[in-house]
Amino acid sequence: MSITSNTGSARAGSWAPEPVKRVLRPLVQWIGVRYNRAEALWYDIKNKTDTTGSVPAAGLDIPDDLTTHVTGFQSVNEHYLRRVLEEVGFPDGSVFVDIGCGKGKALLIAAEYPFIRKVVGVELAESLCRVSEANIEIARARLGFDKPAEVIHGDAVAIDYSGGENIFFLNNPFDAEFMKIFIDKMEESARRQPRKIWMLYGNPAHANTIAQDGRLKLVREFKFFGPGRNITVFEL
Ligand SMILES: C[S@@+](CC[C@H](N)C(=O)[O-])C[C@H]1O[C@@H](n2cnc3c(N)ncnc32)[C@H](O)[C@@H]1O
C-alpha cells in the first residue's frame, strides 16, 4: 500500500494540466498559507487564547539530541480537526491525546465534543506546556471547558499509554524513526488493554512509512486547503 503525501503532486495534479498547474501552484500555496494564518489569528481573537505562531525545532526548548527528530511548532486548523472529529464516528467515553500538543489548541477543540471524556497533551517543550495549561484555564473560564485535562511535559515516544487512550492526534510532530517507535507504543498499549485505537495524522509526511510498516490500517484521507494541512486517519 502506498499513500500519496499531501506534499506530493500526483493527486493535486488532477485539477489542471501540468503547465497551468506550474503557474498556479505557488499562488495556491501562498493563499493557503495566508488562509491558515488568518484562521489561527481568528481562533485566538474569538476565544482570547494564545495558540498561534510557528517555531522551528531549533527554536524550541527541547533537548539538543532530539532536535533532528522534531519538526517544530505550528497549530492545527480548527475547522479541519473538527471535520475529522465529526465524521469518523468515535465512541462515547473516548480519550483524546495530542502527541506534541504545542499550545493546546487541539485539546480545547476536542474537549468540546460529547464523546470525548478526557483530553491529554504530551509536549517536549516546557514553555509550550505552560501555554497549553494557560489556554485550558482560559477555556475553563470562558468557553465551558469542563473535561478532565492533563498536559504532560515529556517525550511522547518514551511514555507508556495505558489509560484507555483511543484517539491519538499527531500533527506531524516528528520523523519516520520516531513514528515507528510511537507505533510500537500504541501496539504495546493495545496488547495490555485491548481496544480500538485511531491515529489522526495531520500533515502526514510519513504516511508511506506507516503504510509500509503495515500495522495500522488506513481508514480515510481528509484533503484540506493549504500546504501540509491534510489529515489521514489510521486504525490499529
Ligand atoms: C506541528 S506542532 C503541533 C502542535 C499541536 N498538536 C497542534 O496541532 O496544534 C508539533 C509539536 O510536537 C512537539 N513534539 C515533537 N516531538 C515530540 C515528542 N517526541 N514528544 C512530545 N512532543 C513532541 C513539538 O515540540 C511541537 O510542539
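These values consider heavy atoms only, across backbone and side chains, with no hydrogens, waters or symmetry-generated copies. Counting convention: from 1, in listed order, for ligands and their atoms alike.
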message = Working note: F168 + D98, criterion side chain to side chain contact (heavy atoms under 4.5 Å, CB included); need CA distance, chi angles, decisive distance, verdict.
response = CA-CA 6 Å; F168 289 97; D98 188 358; over 6 Å; no
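- Contact between L107 and V120 at its shortest, heavy atoms only, is CD2-O, 3.4 Å.
- For F90 and W198, the ring centers sit closer than 6.0 Å to each other.
- Residue Y201 is tested with I231, N172, N171 for a side-chain contact (heavy atoms from CB on, under 4.5 Å); the sole match is N172.
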In a simple table, one pair per line, please give the protein and ligand 1 atom names for every N or O pair closer than 3.5 Å, along with the distance.
| unit_1 | atom_1 | unit_2 | atom_2 | d |
| --- | --- | --- | --- | --- |
| ligand 1 | 6 (N) | D98 | OD1 | 3.1 |
| ligand 1 | 6 (N) | D98 | OD2 | 2.8 |
| ligand 1 | 6 (N) | G100 | O | 2.7 |
| ligand 1 | 8 (O) | V76 | N | 3.2 |
| ligand 1 | 8 (O) | N171 | ND2 | 2.8 |
| ligand 1 | 9 (O) | V76 | N | 3.1 |
| ligand 1 | 19 (N) | D155 | OD1 | 2.8 |
| ligand 1 | 20 (N) | A156 | N | 2.8 |
| ligand 1 | 22 (N) | L124 | N | 3.2 |
| ligand 1 | 25 (O) | E123 | OE2 | 2.6 |
| ligand 1 | 27 (O) | E123 | OE1 | 2.8 |
| ligand 1 | 27 (O) | E123 | OE2 | 3.4 |

request  = Give the intermediate values and the outcome of side chain to side chain contact (heavy atoms under 4.5 Å, CB included) for residues M186 and R215.
outcome  = CA-CA 10 Å; M186 284 172 67; R215 284 176 287 175; over 6 Å; no
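- Taking the six-membered ring wherever Trp is involved, the centroid distance between the rings of H69 and F178 falls below 6.0 Å.
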